[in-house]
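Only one structure is covered here, and it is reproduced in the block below.
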Amino acid sequence: SMSRVSSFAVSVNGSGRTSRTQTAPGVVARTHRSNRFNSHCVGTRPKRKFVVSRNSGPPVSGSVSDAEELELITTVDAPASTSKAGSCAEVVLPSRRVMLAAPPALRLGKTMGALFSLGLVSGAGAEKPAQAATPQVPSISLTPLHKSGALTLHDPLVYNGLATADRTSLGLDGLLPVSVCLPSTEVLRAQAALDACTTQMQKYRLLISLQNTDETTFYTLLNEKTAELLPVLYTPTVGEACQQYGTLVQRPSGLTVSLNDLGKVDKLLANWPHETIKIAVITDGERILGLGDQGANGMGISAGKSMVYAACGLQPHWLLPIQVDTGTENEVLLNDPLYVGDRRRRERGAKYDQLLEELVEALRTRYGRNTIIHWEDFAPRNAFRVLQKFRSAPISAVTYNDDIQGTAAVTVAGTLASVRLLKGELRSQRVLFFGAGQANCGAANLLVLAMMDSEPELTMQEARARIWLVDSKGLVYQNRPEDKLKGLSSDKAPFAVDLATLGGSQSFDKNDLAQIVKASQCTVLVGAAAIPKAFTKSVITQMASQNKNPVIFALSNPTSKAECTAFEAYEWSGGRAIFASGTKFDDLTVKGVGLRAPGFANNAFIFPGIALGSLAVGATKVTDKMFLAAAVTLAALVTEEQLQKGAVYPPTSTIKESAVFVGAGVAAAAVDEGVAREGVCGSGFISATGAKVPSLDGGGADDTCTNWEACVRDFAKTCL
């Protein structure tokens with residue numbers, strides 16, 4: 001029968017077993033007997049004792065048999081008006097514990113008989129026991145829900161692991177282990193996790209996860225271990241990261257702008273958490289390193305470049321990685337269910353340009369007209385024209401393309417350092433570029449500028465005659481049959497070889513690289529065609545036969561796309577090659593030569609300094625001569641000791657310091673070019689912050705800066 005009972009808890013314990021069930025109004029709870037009491041043994045055990053504790057009256061004891069304890073069914077159906085929070089009684093039996101909310105109606109089978117006899121249950125004809133006054137159970141005052149702690153755990157700008165300060169005010173009490181440590185301990189913890197990884201991609205995933213959760217630890221670790229982590233967060237691992245971007249589960253690391261956002265780009269920028277953006281790193285993902293069209297997965301490269309900026313001293317909140325998603329031609333991605341981008345063919349029409357125009361204008365309107373626009377990994381069909389469009393009037397943005405200008409500067413820097421090692425002259429070098437895309441064409445143009453700068457009497461035509469290009473159709477030369485229909489592009493045409501100047505030497509295979517090397521008598525061979533193993537043994541032995549110390553740069557990234565390895569260059573040249581690559585190779589001991597240090601021709605030596613110098617002087621434009629100044633400065637940073645080992649770039653461990661010196665060269669060039677803020681070296685006043693930078697006060701006879709390195713360093717210290 002159903003009976004009303006006072007609010008109570010029934011506890012049955014014994015045999016070391018306890019079970020607990022809590023009910024609420026309208027909930028039915030069924031508790032079966034213990035597995036130790038099967039039906040065949042019911043009634044064979046003696047009755048067991050139990051104790052009942054109630055909300056009022058003294059505890060009551062009694063006994064119950066197995067049969068009386070077989071089944072307990074509770075049905076809570078009392079109206080809310082009869083509920084009494086906190087009232088409870090407890091029945092202790094030998095095998096299990098059942099907790100019931102107040103006030104339930106219970107059906108206890110034969111067990112109810114024992115409860116009725118104890119006066120615990122009231123029903124038809126049952127007498128209510130006398131209510132003796134007993135102390136009430138202390139009530140608990142509920143603390144309001146504190147949501148800020150959970151928000152802090154997910155805020156990478158505030159959360160710092162066990163080193164997070166002000167736990168109580170942030171609502172983190174109980175959400176973190178009790179141990180409190182210094183921020184340096186969190187860095188050690190991250191390093192230990194990193195050391196446990198067995199592949200570069202595992203390290204990449206771990207570091208990106210750390211950046212998403214604890215920026216303080218991430219950037220501290222990046223600054224302390226720059227040389228170790230750059231190959232993980234940047235080239236070559238970032239290429240693999242872009243290919244696997246759909247399997248990375250971290251929060252997106254930048255802003256995505258798609259064709260769907262035409263007319264509302266500024267609303268997207270308003271969603272970005274930082275308002276002090278100084279540099280926007282923009283890609284459309286069409287030509288990621290040497291991997292081709294990666295579509296929206298190209299976000300990895302924008303984020304990677306931003307990390308390099310941060311590693312070189314620029315504030316992370318100054319940086320905005322942007323992926324422009326206008327579709328992809330990559331069939332694998334279009335059919336990949338994990339692809340993160342817009343599943344459509346690339347937009348080639350007016351909407352593409354409209355989206356870029358709106359994006360750049362929105363960036364400059366919101367963050368300032370001198371916001372740096374950094375273009376990254378655009379395909380050649382767009383790279384040159386986009387750069388030219390946005391750097392020229394009427395837009396005249398502070399902009400550069402790292403693939404064109406950054407690669408050019410790092411290539412020229414390596415060439416200048418090689419000339420130092422050879423104790424030769426730049427004008428006497430003959431340079432063959434294998435690959436005629438944006439990287440090599442940009443390098444060829446900057447090299448012409450460098451030659452004319454070092455030898456003022458040298459004409460542009462004379463300088464260009466010292467440079468040869470090889471594209472997908474072979475040697476680029478005048479009146480090439482393959483170019484009759486469309487003609488040579490404007491970036492290649494100035495370097496087309498006049499075969500007539502070769503005399504009887506023009507009868508060679510224009511598609512055979514070794515024969516082109518011989519015909520050109522080049523002293524420097526630069527590869528940026530993303531064709532792996534293109535520098536074969538025959539190519540390198542030919543270079544070695546015509547040069548005492550052949551200069552060989554295999555710049556393609558990632559490693560799988562490199563034209564040759566450091567070992568191959570040294571082995572096939574008899575250890576005489578001056579070698580550099582876009583991927584870092586370890587130092588090698590060459591028989592009969594000694595230790596060789598392959599150069600790391602990485603744009604990371606250039607673009608942070610370009611930005612730092614431009615920002616320091618408030619440049620309104622980034623000119624070609626500013627990039628040349630960066631190249632000349634970088635080459636000068638290579639020590640004689642490093643040159644003797646064959647290294648033509650500084651070690652990556654010095655990349656942050658190098659950025660300051662490169663920035664100094666860029667700042668000085670900006671003033672010479674007339675694009676620096678007026679009076680930058682006069683008053684030393686930084687209008688954005690109201691700060692006074694001592695070394696910007698000039699000091700020269702004409703009140704010009706006498707120490708640009710100190711100028712940029714003080715700017716970084718004061719304003720970054």
Side-chain angles (χ1 to χ4, degrees), residues 154-157 204-205 207-215 218-219 222 232-235 237-261 264-289 293-312 314-328 333 339-342 355-356 358-360 362-364 366-367 371-378 386 399 401-403 604 607-608 611:
H154 292 85
D155 187 347
L157 300 177
Y204 180 90
R205 290 176 182 272
L207 288 168
I208 296 302
S209 177
L210 180 63
Q211 183 192 30
N212 287 331
T213 55
D214 181 357
E215 283 196 5
F218 172 79
Y219 286 111
L222 179 58
V232 178
L233 293 169
Y234 189 42
T235 55
T237 311
V238 70
E240 184 179 357
C242 288
Q243 290 178 310
Q244 298 186 28
Y245 198 78
T247 68
L248 301 179
V249 295
Q250 82 278 355
R251 289 188 292 272
S253 48
L255 193 74
T256 297
V257 180
S258 74
L259 290 169
N260 302 324
D261 302 311
K264 54 184 179 182
V265 172
D266 183 65
K267 292 182 180 180
L268 304 186
L269 296 180
N271 292 333
W272 190 251
H274 303 300
E275 299 179 351
T276 55
I277 301 302
K278 303 294 183 187
I279 307 171
V281 184
I282 306 173
T283 185
D284 69 356
E286 190 170 4
R287 200 233 60 165
I288 298 298
L289 302 174
D293 190 346
Q294 297 299 311
N297 292 357
M299 178 64 83
I301 200 72
S302 291
K305 293 285 185 176
S306 297
M307 292 176 199
V308 176
Y309 276 121
C312 292
L314 286 93
Q315 294 294 329
H317 58 80
W318 280 23
L319 309 166
L320 175 54
I322 298 177
Q323 169 68 48
V324 176
D325 186 357
T326 57
T328 180
L333 295 179
Y339 178 54
V340 301
D342 193 357
L355 186 62
L356 292 186
E358 183 182 348
L359 173 59
V360 171
L363 287 166
R364 299 177 74 205
R366 177 171 288 271
Y367 303 122
T371 301
I372 293 175
I373 308 298
H374 172 146
W375 306 105
E376 186 66 36
D377 282 354
F378 282 67
V386 166
T399 185
N401 183 302
D402 183 51
D403 304 296
F607 64 82

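Predicted model only: the values in this text are computed from it and were never measured. No hydrogens, no waters, no symmetry mates; every other heavy atom, side chains included, goes into these values.
- For the pair P156/D214, no side-chain contact is recorded, criterion being any heavy-atom separation below 4.5 Å from C-beta on.
- Below 30°, between 30° and 60°, or above 60°: for H317 and H274 the angle between ring planes is between 30° and 60°, a tilted geometry.
- When all heavy atoms of V340 and G246 are compared, the closest pair comes out as CG1-CA, 4.2 Å.
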Margin query: Let's go through W375 and T399 carefully: what are the C-alpha distance in whole Å and the side-chain angles of both, what is the deciding distance for side chain to side chain contact (heavy atoms under 4.5 Å, CB included) to 0.1 Å, and is it a yes or a no?
Written below: CA-CA 8 Å; W375 306 105; T399 185; 2.7 Å; yes
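- The shortest non-hydrogen separation linking Y339 to A296 is OH-N, 2.9 Å.
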Next item on the list: For side chain to side chain contact (heavy atoms under 4.5 Å, CB included), just list the numbers for L320 and L269, CA-CA rounded to whole Å, side-chain angles, deciding distance to a tenth of an Å, and then say yes or no.
Entry: CA-CA 10 Å; L320 175 54; L269 296 180; 4.1 Å; yes
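- Checked against the 6.0 Å centroid criterion, the rings of F607 and Y309 qualify as a close aromatic pair.
- Interatomic distance, S253 OG to Y245 OH, rounded to the nearest 0.5 Å: 4.5 Å.
- Across all their heavy atoms, L289 and G239 have their closest contact at CD1-CA, 3.6 Å.
- The minimum heavy-atom distance linking D402 with Y234 is given by the pair OD2-OH, 4.3 Å.
- Scanning all heavy atoms of the two residues, the minimum distance from R366 to A270 falls at NH2-CB, 3.6 Å.
- Using a 4.5 Å heavy-atom cutoff, the side chains of K264 and V257 are not in contact.
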Check: Checking side chain to side chain contact (heavy atoms under 4.5 Å, CB included) for the pair L319/I277: CA distance, chi angles, key distance, verdict?
Finding: CA-CA 6 Å; L319 309 166; I277 301 302; over 6 Å; no
Next item on the list: Show your working on side chain to side chain contact (heavy atoms under 4.5 Å, CB included) between I282 and E376 and close with a plain yes or no.
Entry: CA-CA 6 Å; I282 306 173; E376 186 66 36; over 6 Å; no
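- Interatomic distance, CD1 of I373 versus CG of N401, reported as 12.5 Å (0.5 Å rounding).
- Side-chain N/O atoms of Y367 and E275 include no donor and acceptor closer than 3.5 Å.
- Nearest heavy atoms, L233 versus V238: O-CB, 3.8 Å.
- Here CD1 of I322 is found 5.0 Å from CG of L359. Values are rounded to the nearest 0.5 Å.
- Residues Q294 and R287 have side chains that never bring a donor and an acceptor to within less than 3.5 angstrom of each other.
- A donor atom on one side chain and an acceptor atom on the other are not found under 3.5 Å apart for S258 and D342.
- A distance of 10.5 Å separates CG of L363 from CD of E358, quoted to the nearest 0.5 Å.
- For the atom pair CG of N212 and NE2 of H154, the computed distance is 11.0 Å after rounding to the nearest 0.5 Å.
- Between D403 and F378 there is no side-chain heavy-atom pair separated by less than 4.5 Å.
- Using a distance-only test at 3.5 Å, with no hydrogens or angles considered, a donor-acceptor pair links the side chain of N297 to the main chain of C242.
- Annotation: side chain of L356 is in contact with side chain of V386 (closest heavy-atom distance under 4.5 Å).
- Judged purely by distance below 3.5 Å, without hydrogens or angles, the side chains of E240 and Q244 pair a donor atom with an acceptor atom.
- Rounding to the nearest 0.5 Å places CG of L255 at 5.5 Å from CG of L268.
- For the pair I208 and L248, the minimum side-chain heavy-atom distance is 4.5 Å or more.
- Side-chain N or O atoms of T213 include one that pairs as donor or acceptor with a backbone N or O of S209 at under 3.5 Å.
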